[in-house]
S.K.: 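Before I ask anything, here is the structure I am working with.
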Amino acid sequence: MDLNKLADRLLPGDYPDLSFYEEKYPPRALPKGAEVTRLAPSPTGFIHLGNLFVAIANERIAHQSGGVYYLRIEDTDLKRKVEGAVEAVKNALRYFDIKFDEGAKIGGDETYAPWYQRERAEIYRAYAKHLIKIGRAYPCFCTEEELSALREEQTKNKEITGYYGKYAKCRDLSEEEIMKNLDEKKPFVLRLRSMGDPAHKLKFVDAIKGEIAVTENDQDVVILKSDGIPTYHFAHAIDDHLMRTTLVLRGEEWLASLPIHLELFDALGFSRPRYGHNCSLMKQDGETRRKLSKRKDPELSLEFYRKEGYFPRAVKVYMLTLLNSNFEEWYLKNPSEPLENFKFSVGKMSKSGTLFDLDKLNDISKNELARLSAEEMYDFLSAWAEEYGSEEEKAQLQAREKFLKALDLCMGTSGKKRRKDFVTASQAMQTLSYFFKLPERTDDYRFDAKTCGQIFDGFLKNYDFSDDAQVWFAKVKELAGSLGFAAEMKEYKANPDAFRGSVADVAEILRIAVTGKANTPDLYTIMQILGEEETRRRIKGAIS
Ligand code: GLU
């Protein structure tokens with residue numbers, strides 16, 4: 001068969017010689033050991049924790065080695081494409097401070113652009129034409145019906161499904177048959193002519209998993225669809241080669257496709273990049289562990305972390321804890337250092353499933369937020385509210401001075417010991433809301449209405465806003481004593497039956513009246529922040 005003639009018939013027109021692309025996208029001038037890595041999402045609009053997980057690893061490896069990290073959009077499947085998805089990816093990763101050097105909606109060095117696969121169609125066709133000419137690609141005219149009949153037959157016979165070996169009907173069509181089909185304008189796809197033998201096991205060194213056995217590919221996979229658009233397999237091989245990727249770190253769900261990718265690189269005459277397959281994030285669900293699921297676990301979506309207002313560094317710290325086994329120890333010793341100072345290594349990545357635990361992340365978040373100054377926390381909350389806060393929350397933040405005082409108290413920034421009350425921005429805004437509006441009572445009074453009423457009346461009668469904390473507390477003690485409560489905790493503990501309760505109970509009742517809660521930071525300071533009028537209003541309100 002005249003393969004050049006066949007190639008011209010299947011992909012008419014002039015395509016540049018492949019050397020053109022090799023020169024146009026030359027090897028990158030980078031120092032020795034520099035890695036070129038990428039994130040290559042499909043624009044489906046759903047960017048998830050798994051993407052962030054692998055993005056952090058890729059980013060660290062590229063930048064730590066003086067290399068390049070780029071963003072490529074794998075948009076060959078239009079059915080899955082969602083408007084605004086690329087912006088969403090970019091924004092989601094920017095939130096976590098993941099910086100790309102080049103890529104879609106990033107810009108940077110244009111040498112290796114375009115970064116959208118749809119814009120690279122001509123390149124893929126040029127390589128496909130080359131594969132036809134060297135006998136490594138052929139047209140397949142099988143219809144959907146024929147292919148599903150084939151799948152059914154294979155399933156019935158308990159065989160591997162797919163287009164391979166004796167099932168690859170179009171693999172050995174004669175020139176006449178092909179030309180006849182083309183004359184009849186039958187649609188066709190281009191398939192790889194696989195040379196692999198599934199009886200062969202290759203030894204493959206995965207950058208993360210180490211040496212693994214890989215079965216040689218024998219599937220004649222589709223490389224160009226009938227509309228001339230490449231499949232993901234084909235496009236990624238050409239892109240990773242021409243964009244000069246040195247290390248492909250990706251989720252382990254791609255491990256099954258690895259044999260196809262290896263064969264494609266070989267058939268195209270490219271040297272292979274190294275591959276590392278990162279373990280999936282698992283969740284403990286009762287007795288079992290399962291992969292995080294889009295349907296069941298809102299925490300899989302990156303949008304969840306932004307909406308809740310997780311502090312980006314906290315999420316990153318947790319991801320790094322899961323990614324590198326020695327990170328936690330390093331971080332314990334270097335809690336204030338930039339995370340980039342940690343020496344990340346692929347070799348320390350987990351080889352099998354990693355447990356993702358939201359409670360653990362929440363603990364880390366508390367610690368991270370407890371390191372901020374009141375001003376830093378204020379800025380973080382403001383940025384969050386800008387995007388996700390209610391009008392009411394935005395208005396609360398407008399009262400900056402008051403807000404800072406509330407933060408100072410609730411974070412313990414000027415005290416000896418920092419408080420760890422805040423987990424996320426939304427939770428912090430919720431927690432702080434009693435400073436700005438009449439609180440909803442979330443804790444109940446443990447005493448009857450009459451007793452509470454006596455306490456409120458007694459407190460208001462002697463309340464003087466200009467009292468300092470000592471005087472204020474002395475008055476509360478006095479009030480307690482006058483109502484049959486122990487003024488000193490010691491007295492109460494020594495003889496609890498002699499009293500209605502203690503000064504702590506009296507303070508709790510006042511606290512609930514003013515804040516709605518039984519547990520808050522120092523009540524005197526809260527009243528000072530609220531101001532005299534508001535304090536009186538709340539206690540009066542509690543009487544009724
Ligand atoms: N486009 C693939 C995805 O959506 C990328 C797989 C890879 O990294 O090779 O995840």
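For ligands, and for the atoms within them, numbers begin at 1 and follow the listed sequence.
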S.K.: Heavy atoms only: give me the nearest E216-M195 pair and the separation to one decimal.
M.R.: OE1-O, 4.4 Å
S.K.: Does ligand 1 have any atom that is closer than 4.0 Å to a heavy atom of R38?
M.R.: yes
S.K.: Would one find an N or O of H236, backbone or side chain, under 3.5 Å from an N or O of ligand 1?
M.R.: no
S.K.: Is the Y69 ring parallel, tilted or perpendicular to the F100 ring (thresholds 30°, 60°)?
M.R.: parallel
S.K.: Check for me whether R28 meets the cation-pi criterion with Y112, that is, NZ or CZ under 6.0 Å from the six-membered ring centre and within 45 degrees of the ring axis.
M.R.: yes
S.K.: How far is atom 10 (O) of ligand 1 from its nearest protein heavy atom, and which residue and atom name does that atom have?
M.R.: W254 CZ2, 3.5 Å
S.K.: So which heavy atom in the protein is nearest atom 1 (N) of ligand 1, and how far is it from that ligand atom?
M.R.: E74 OE1, 2.5 Å
S.K.: Aromatic rings Y275 and F204: how do their planes relate, parallel, tilted or perpendicular, breaks at 30° and 60°?
M.R.: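 Because their plane-to-plane angle lies in the 30° to 60° range, the rings of Y275 and F204 count as tilted.
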S.K.: If you count the atoms of ligand 1 from 1 in the order shown, which ones are under 4.0 Å from a heavy atom of R250?
M.R.: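 Going through ligand 1 atom by atom, the ones under 4.0 Å from R250 are 7 (C), 8 (O), 9 (O).
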S.K.: Could you tell me the residue and atom name of the protein heavy atom closest to atom 9 (O) of ligand 1, and the distance to it rounded to 0.1 Å?
M.R.: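 The closest heavy atom on the protein side is Y232 OH, 2.5 Å.
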S.K.: I229 versus Q117: any side-chain heavy-atom pair under 4.5 Å?
M.R.: no
S.K.: Taking the six-membered ring of Y232 (Phe, Tyr or Trp), confirm whether the NZ or CZ of R250 is under 6.0 Å from its centre and within 45° of its axis.
M.R.: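 The answer is no; the distance or angle limit is not met.
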S.K.: Tell me the protein heavy atom at minimum distance from atom 4 (O) of ligand 1, and give that distance in Å.
M.R.: S42 OG, 3.3 Å
S.K.: Looking only at protein heavy atoms, which one is nearest to atom 5 (C) of ligand 1, and how far off is it?
M.R.: A40 O, 3.2 Å
